[in-house]
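For reference, the structure discussed in these notes is given below.
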Number of protein chains: 2
Amino acid sequence: MADNADWVAAAETDPELACPTSAVVEIVFSRWTTPILWTLNRHGRQRFVELERRIGTITPKVLTQRLRQLERDGMVVRTYHPEVPPRVEYEISELGRSLAPLFAHLAEWAADNLDKVEQARHDYDTDPPK
Amino acid sequence: MADNADWVAAAETDPELACPTSAVVEIVFSRWTTPILWTLNRHGRQRFVELERRIGTITPKVLTQRLRQLERDGMVVRTYHPEVPPRVEYEISELGRSLAPLFAHLAEWAADNLDKVEQARHDYDTDPPK
DNA sequence: TATAGTAGGTACCTAGAGGAAAGTGACTAT
DNA sequence: ATAGTCACTTTCCTCTAGGTACCTACTATA
């Protein structure tokens with residue numbers, strides 16, 4: 001069903017960019033967005049510092065930037081509690097959750113094919129062309 | 001089927017990065033790779049300049065870089081014909097073609113949800129929080 | 001008194017990605 | 001003799017994503 005015909009058909013919708021997925025790739029797969037969405041989906045509603053600690057290597061500045069972007073795109077819902085100390089909670093939106101099957105698909109492809117990529121890299125590096 | 005359980009199950013495979021899809025995202029969705037793979041899949045085996053013209057805005061330097069990377073990752077097959085002028089043909093590999101359903105899935109999500117993202121952005125911009 | 005915790009904001013800096021433009025080599029067509 | 005083709009390569013330059021470090025206000029705790 002999701003075969004070559006789908007791909008070709010979808011391509012017709014945006015002939016000028018030669019790739020109808022460019023827009024969605026920028027939204028969904030720009031830097032840090034997958035770990036953030038993944039963590040939010042995995043652990044449910046959580047606070048800024050929890051997110052920061054779970055992702056591990058992200059800096060607060062960048063985490064804020066990405067969360068704002070995801071909020072603007074409607075993928076994440078931010079709830080501010082005006083307390084002291086301040087409390088802010090982030091959760092994935094319905095739109096964000098609608099990516100779950102896609103992410104699962106991606107994870108499945110990775111499980112099936114990542115070792116092939118590794119193998120190809122090894123082959124290329126041990127016997128470089130020309 | 002591809003629901004929350006899949007997502008969670010996949011997450012268990014790489015606890016340290018908090019996101020099992022990071023690796024595959026870098027391989028498949030790094031800059032220019034989707035337009036290149038899309039064009040290769042759409043128009044079949046083709047030469048460097050054809051690719052260049054179809055993608056439109058890419059520079060030869062970057063196109064070469066991305067094609068090398070895709071070749072190393074086993075997504076693209078390069079064939080060199082030592083003629084004058086030189087002739088090089090690129091085609092998508094079997095591994096690359098195995099991404100087709102995933103890309104179709106992505107295009108489907110885009111068709112269903114891109115306008116929601118647009119709407120969310122508009123709402124955010126016309127009535128910014130706080 | 002001073003320190004920690006929270007959710008950021010701000011200023012500064014650097015590395016690296018990517019663009020522009022020209023060059024290359026070997027041959028062909030005019 | 002000159003120009004053109006192809007598939008790059010090289011050089012130079014810009015831009016920006018992202019990192020480091022420090023700052024904010026307010027309170028509870030030691």
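Keep in mind that what you see is a predicted model, and the values were worked out from it rather than measured. Values below: every heavy atom of this structure, side chains too, minus hydrogens, waters and symmetry copies. Residue numbers begin at 1 in each chain, while the letters A, B, ... track the order of the sequences.
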Worksheet item: Can you give one letter per nucleotide of nucleotides 24-30 of chain D, going 5' to 3': B for a protein heavy atom under 4.0 Å from the base, S for sugar-phosphate only, - for none?
Response: --BS---
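No continuous path of hydrophobic side-chain contacts links A:Tyr124 to B:Leu37 [ILVMFWY only; heavy atoms under 4.5 Å]. Using a 4.5 Å cut-off between side-chain heavy atoms of Ile, Leu, Val, Met, Phe, Trp and Tyr, with links allowed through other members, B:Val76 and A:Leu114 fall into the same hydrophobic cluster. Neither A:Trp32 nor A:Val77 shares a network with the other; the hydrophobic side chains, linked directly or stepwise wherever heavy atoms of I, L, V, M, F, W or Y lie under 4.5 Å apart, form separate groups for each. Tracing side-chain contacts under 4.5 Å through hydrophobic residues (I, L, V, M, F, W, Y), one never reaches A:Val49 starting from A:Trp38; they form parts of separate clusters. A:Leu51 and A:Tyr80 fall within a single hydrophobic cluster, where Ile, Leu, Val, Met, Phe, Trp and Tyr are joined by side-chain heavy atoms under 4.5 Å apart, directly or via other members.
Among all heavy-atom pairs drawn from A:Gly74 and A:Leu95, the shortest one is O-CB, 3.6 Å. Here the closest non-hydrogen pair linking B:Ile36 and B:Leu67 is CG2-CD2, 3.9 Å.
Nearest nucleotide to the B:Phe48 side chain, out of C:dA7, D:dG18, D:dC8: D:dC8. Listed nucleotides: C:dT6, D:dC6, C:dG8. Nearest to the side chain of A:Arg47: C:dT6.
Residue B:Thr59 places no side-chain N or O under 4.0 Å from the OP1 or OP2 atom of C:dG18. Remark: B:Arg53 is not in phosphate contact with D:dA7, judged by side-chain N or O atoms under 4.0 Å from OP1 or OP2. Contact annotation: A:Tyr90 side-chain N/O to C:dG8 OP1/OP2 distance is under 4.0 Å.
Judged by distance alone with a 3.5 Å cut-off, a donor-acceptor contact links the side chain of B:Lys61 to the base of C:dG19.
To the nearest angstrom, C1' of D:dA7 lies 13 Å from NE2 of B:His81. Distance CD (A:Glu50) to P (C:dG8): 13 Å, rounded to an integer number of Å. Distance CZ (B:Arg87) to C1' (D:dA7): 13 Å, rounded to an integer number of Å. Taking atom CD on A:Glu83 and atom C1' on C:dT6, their separation rounds to 11 Å, with Å as the unit. Distance CD (B:Gln46) to C1' (D:dC6): 15 Å, rounded to an integer number of Å. Following rounding to the nearest Å, B:Glu52 (CD) and C:dA20 (P) show an atom-to-atom distance of 12 Å. When rounded to the nearest whole Å, the span between CD1 of B:Ile58 and P of C:dG19 equals 7 Å. Whole-Å rounding puts the A:Arg31 CZ to C:dA17 P distance at 11 Å.
No more than 12 heavy atoms of other residues, nucleotides or ligands lie within 6.0 Å of CD in A:Glu94, so this atom counts as exposed by the packing criterion. Heavy atoms from other residues, nucleotides or ligands lying under 6.0 Å from NE2 of B:His122 number 12 at most.
If you check residues 62-72 of chain B against DNA chain C, the residues with a heavy atom closer than 4.0 Å are B:Val62, B:Arg66, listed by number.
Ring pair B:Phe29/A:Phe29 is parallel by interplanar angle, where below 30° counts as parallel and above 60° as perpendicular.
When the local axes at the two ends of the helix from C:dT1-D:dA30 to C:dT30-D:dA1 are compared, using 5 base pairs at each end, they differ in direction by 30° after rounding to 10°.
Using modelled atom types, one finds a donor on one side chain and an acceptor on the other under 3.5 Å when comparing A:Arg66 with A:Gln69. A side-chain N or O of A:Gln119 and one of A:Asp123 form a donor-acceptor pair less than 3.5 Å apart.
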